[in-house]
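Working notes, structure below.
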Amino acid sequence: MLIVGCGLFLSAMIQAQRSEFLLEKNWKFTKGDVTGAVSPEFDDSKWETVSVPHDWAIFGPFDRSNDLQNVAITQNFEKKASVKTGRSGGLPYVGVGWYRTKFDVPAGKQATLVFDGAMSEARVYVNGKEACFWPFGYNSFHCNVTELLNENGKNNVLSVRLENKPQSSRWYPGAGLYRNVRVVTTDRIYVPVWGTQLTTPHVSSEYASVRLRTEIANAGENNIRVVTEIVSPDGKVVAVKDNTGKINHGRPFEQNFLVNSPALWSPETPYLYKASSKIYVDGKQVDEYITRFGIRSIEIVADKGFFLNGKHRKFQGVCNHHDLGPLGAAVNVAALRRQLTLLKDMGCDAVRTSHNMPAPELVELCDEMGFMMMIEPFDEWDIAKCENGYHRYFGEWAERDMVNMLRHYRNNASVVMWSIGNEVPTQCSPEGYKVASFLQDICHREDPTRPVTCGMDQVSCVLENGFAAMIDVPGLNYRAHRYVESYNALPQNIILGSETASTVSSRGVYKFPVEKRASVRYDDHQCSGYDIECCYWSNIPDVDFALADDYDWTIGQFVWTGFDYLGEPSPYDTDSWPSHSSVFGIIDLASLPKDRYYLYRSIWNKNVNTLHILPHWTWPGREGENTPVFVYTNYPGAELFINGKSYGKQRKLTAGESEALQGKDSLALQRRYRLMWMDVPYEPGELKVVAYDAAGKPVEEKTVHTAGKPHHLELVADRTGLVADGKDLAYITVRVVDKDGNLCPSDNRLVSFSVKGAGRYRAAANGDATSLDLFHLPKMPAFNGQLTAIVQSTEQSGEIVFEAKAKGLRTGKIVLSAGTQR
Ligand code: GAL
């Protein structure tokens, strides 16, 4: 990780040796292939002007025919091919796209282009000559383009050709230069991209040892002097080393430090240090490089579990794909921060970047906000899941892709584990273990400090063929009923829930009768919000809670998924258009928490109380019909009242009590984690729960009212002060409410938006997987009474006025401000 420019004086000095800038604005873009576009003289004036990060496909339109796939999804046990609609989101990501821009560098400098990710098969040209090729769209890569620059360093033309093949993904991959592109310029002797490796070989509360290895390019036989300061989270220099030597036998320059009373990194205390190194040759400074890191220890103990800084804990993690819902794949720090803020409040402490390398901004935010990360590069190795998937490149590129990922993120405190793949079909081939071993060895070679896992779903294969036995941490995807057997069969005596749950629900949708069911499909293409539906290969959350509670050797889980994502609309993936996004998320595509959010929060977040009631209580036409009520709470018990009448007290069952009910009550396990009143005749009015503590004392209550006529639009912004940097975002929840502010939970009317002043409308989403409304147009129907509109700052400071209007409702208005502070 590289941070440049601390303080005026320093940045002036760094200017002289190293500079780093993003290529963001004034790119020219066109869709489709173009001859001659690599040439500096090519006339691109008719192309669209765009800013990068840019996702060309998110603007739609959605269409059933976009990347229509006729496949058998073998990991879902399908034997026969069938037409899959919306598998990659029904968005036009397939095809060729060209980008062009110009950049200047100071004459005589080394220049390196760094692409954080380019989707995909990137061919990079500088001044008409090929600079590099990188096929995998998720990985970061860099190329030194010094030799291709114009002599005076000015007006260098950068052209990038990208191509996405059809049937190359199981989800929406995005398209284009969807992550940042940066230019790094340095002197001739310099620290290359990701050129340091920082480890903390000893960690205790008294002291930590810190080892820094610095690569130096073009060092030759020179004597190199490296002066490194270790700076604490509160900005004090806590250790310094001034060493001189040669780069011996190509080995990096090594320095060791002692840090007394270190502030240890953890999700709860995300303290970050930095190692700030100045490099001198012949008394002259040639480079400065900053490595941000955290001091923390990780340990896996057989039979005992996972330890961070010597403390036992279980991963309370989620898997996420990389898209940001209505923003598509185009990375945005404010959007990532918004996601992590919601996850933090849920008590989530870990993220799996399924099934690809993340954007660096996500890893940096996880360092800063306190999330443990499992970074995973691949969904395919040498055997295909998708006809045009990564298997085409695996043989030639796997090691290079691994090396880039490992070097990029091995100094990040948040990263505690690598995964080498997800449900790869190779797990069942007789020699599959060799491929796993090849990849695991690369991890160990590049980073001996972190364990390696692999998400395995073919339990019989991997137990039998030795594949699971050789992975540092065996990770099972689903197959909860085979945990005990796997634990007993495997030498590691530890099981990670590398992917769990895949519960399906649509926000605000409740289906009756309330029954546990798998892969049920309804005419409206929605799933029930009672959180008791899953797919036939998956399970509902309580199963994973129990595994974590009942067995020491389970080291926690990564739920599929934290957020709904574009594509993979199971169970509506087989010719079920329109349906363009998943319903697995705990939080929907509009960033609105589903009920399930509160179930996880009630178990995971030990710092706050949770008392959440479902369903809503506005059911005209259901009078007298059975309408079960669920309460998600950390309190041990509660009493339910409808219009003042008690429906009795419920308390959570112990493991033994729930066990005793198995076979008699289909929701026996759920009774350990949820309070459920299964026989409740609906009558309009007031639904109230009173929560009791362990001593039976009433401690908190919550009410839900039947909504009256829709009256106005209520707006709630996640933040009202934005940074005027042209990128910052506010997420505004728009709610259709009655005159008393009660949500009208089935209102789906069209809402339109306007933004005035120092902001612009960016996108909206409603979380309805069947909606074909385009995110970037300033209108969107509500879904079950709610939607989210996203406003982006400009580079001007000032007031931003956002208005939402809908027929028959009082307009909603909210004033935000953009300035220099976040
Ligand atoms: C898993 C897979 C995920 C996703 C999920 C849906 O098998 O690893 O990528 O497809 O199923 O349940």
Side-chain angles (χ1 to χ4, degrees), residues 267-268 305-306 308 311-319 340-352 370-372 478 480 483 495-503 505 516 529-534 538-563 584-587 593-614 629-638 650-659 667-676 689 691-694 699-700 702:
E268 295 72 34
F306 169 72
L308 181 75
K311 292 197 191 102
H312 180 245
R313 61 191 297 156
K314 299 204 179 204
F315 293 104
Q316 300 183 161
V318 297
C319 307
L340 294 177
T341 303
L342 286 167
L343 292 174
K344 192 88 188 171
D345 175 62
M346 189 172 81
C348 167
D349 64 8
V351 174
R352 170 188 186 219
F371 286 87
M372 296 178 285
Y478 312 97
Y483 273 36
I495 300 287
L496 169 68
S498 39
E499 188 175 313
T500 61
S502 269
T503 302
S505 64
K516 240 168 45 181
Y530 276 101
D531 302 324
I532 48 174
E533 290 179 2
C534 55
S538 61
N539 58 263
I540 55 178
D542 319 74
V543 173
D544 305 308
F545 292 143
L547 283 168
D549 286 346
D550 297 347
Y551 301 105
D552 272 352
W553 45 263
T554 56
I555 64 170
Q557 60 164 324
F558 289 86
V559 178
W560 191 264
T561 46
F563 282 76
F584 295 119
I586 297 171
I587 301 169
K594 301 179 188 174
D595 293 301
R596 219 170 342 133
Y597 179 88
Y598 300 95
L599 178 58
Y600 284 100
R601 189 179 191 261
S602 69
I603 313 287
W604 282 358
N605 190 338
K606 306 273 185 254
N607 301 320
V608 290
N609 293 315
T610 298
L611 185 57
H612 178 79
I613 314 177
L614 64 138
V629 174
F630 286 15
V631 168
Y632 298 157
T633 181
N634 58 304
Y635 295 115
Q650 296 269 345
R651 67 168 174 81
K652 291 188 197 168
L653 299 190
T654 62
E657 288 167 338
S658 129
E659 185 68 39
L667 295 173
L669 180 63
Q670 283 59 48
R671 294 193 186 281
R672 279 177 76 177
Y673 299 103
R674 322 179 187 198
L675 302 177
M676 296 176 291
V689 281
Y692 294 95
D693 66 12
V699 277
E700 193 178 329
K702 195 119 273 146

Begin with the C-alpha distance, continue with both residues' side-chain angles, and end with the deciding distance and a verdict on side chain to side chain contact (heavy atoms under 4.5 Å, CB included) for Tyr632 and Asp531.
-> CA-CA 11 Å; Tyr632 298 157; Asp531 302 324; 2.7 Å; yes
Below 4.5 Å, heavy atoms only, C-beta onward: do Tyr635 and Tyr692 meet side chain to side chain?
-> no
Measure the spacing between CZ of Phe584 and SG of Cys319 and express it to the nearest 0.5 Å.
-> 11.0 Å
So, do Ile555 and Arg313 sit near enough that their side-chain heavy atoms are less than 4.5 Å apart?
-> no
Side-chain heavy atoms of Tyr600 within contact of Val318, under 4.5 Å | no
Give a yes or no on this: more than 12 heavy atoms of other residues, nucleotides or ligands lie within 6.0 Å of atom NZ of Lys311.
-> no
Aromatic ring proximity, centroids under 6.0 angstrom, Phe630 and Tyr530 | yes
Are any of the side-chain heavy atoms of Glu499 and Arg352 separated by less than 4.5 Å?
-> yes
Do the non-hydrogen side-chain atoms of Arg651 and Pro636 ever get within less than 4.5 Å of each other?
-> no
For the student: nearest non-hydrogen atoms of Leu340 and Val351, plus distance = CD2-CG2, 4.2 Å
Between the OH atom in Tyr551 and the OH atom in Tyr483, the distance rounded to the nearest 0.5 Å is 11.5 Å
Between Thr633 (side chain) and Thr610 (backbone), is there a donor-acceptor pair under 3.5 Å?
-> yes
Closest heavy-atom pair and its distance - Lys594, Gly585 | NZ-O, 2.9 Å
Minimal heavy-atom distance between Ile540 and Cys534, with the atoms involved, is CG2-CB, 4.2 Å
Gap separating the CD1 atom of Ile603 from the CG atom of Asp544, nearest 0.5 angstrom | 11.5 Å
Donor-acceptor pair, side chain of Lys314 and main chain of Phe306, under 3.5 angstrom = no
Student check: side-chain heavy atoms of Arg601 and Leu599 closer than 4.5 Å | no
Residue of the set Arg672, Arg674, Lys516 for which salt bridge (charged side-chain N to carboxylate O under 4.0 Å, His left out) holds with Asp542 | Arg674
So, Arg671 versus Ser658: side-chain donor-acceptor pair below 3.5 Å or not?
-> no
How many angstroms lie between CG in Leu547 and CG in Asn539, if you round to the nearest 0.5 Å?
-> 8.0 Å
Rounded to the nearest 0.5 angstrom, the SG-CD1 distance for Cys348 and Ile586 is 7.5 Å
Work out which heavy atom in Ser502 is nearest to a heavy atom in Tyr478; give both atom names and the distance.
-> OG-OH, 2.6 Å
Tell me, do Tyr597 and Ile587 make a side-chain contact under 4.5 Å, heavy atoms counted?
-> yes
So is Lys652 actually on top of Tyr673's ring, under 6.0 Å and inside 45° of the axis?
-> no
Would Met676 and Gln670 satisfy side chain to side chain contact (heavy atoms under 4.5 Å, CB included), going step by step from the backbone distance to the final call?
-> CA-CA 9 Å; Met676 296 176 291; Gln670 283 59 48; 3.6 Å; yes
Would you find a donor on one side and an acceptor on the other, under 3.5 Å apart, between the side chain of Lys344 and the backbone of Pro267?
-> yes
Taking C-beta and beyond as the side chain, do Leu614 and Val629 meet within less than 4.5 Å on heavy atoms?
-> no
Leu308 vs Met372, side chain to side chain contact (heavy atoms under 4.5 Å, CB included): CA-CA, chis, key distance, verdict = CA-CA 10 Å; Leu308 181 75; Met372 296 178 285; 4.3 Å; yes
Roughly how far apart are Asp550 CG and Asp552 CG, rounded to 0.5 Å?
-> 10.5 Å
Pro541 to Thr503 - nearest heavy-atom pair and separation = CD-OG1, 3.2 Å
Measure from the side-chain N and O atoms of Asp349 to the backbone N and O of Gln316, and report whether any donor-acceptor pair falls under 3.5 Å.
-> yes
How close do Trp604 and Met346 get, heavy atom to heavy atom, and via which atoms?
-> CB-O, 3.5 Å
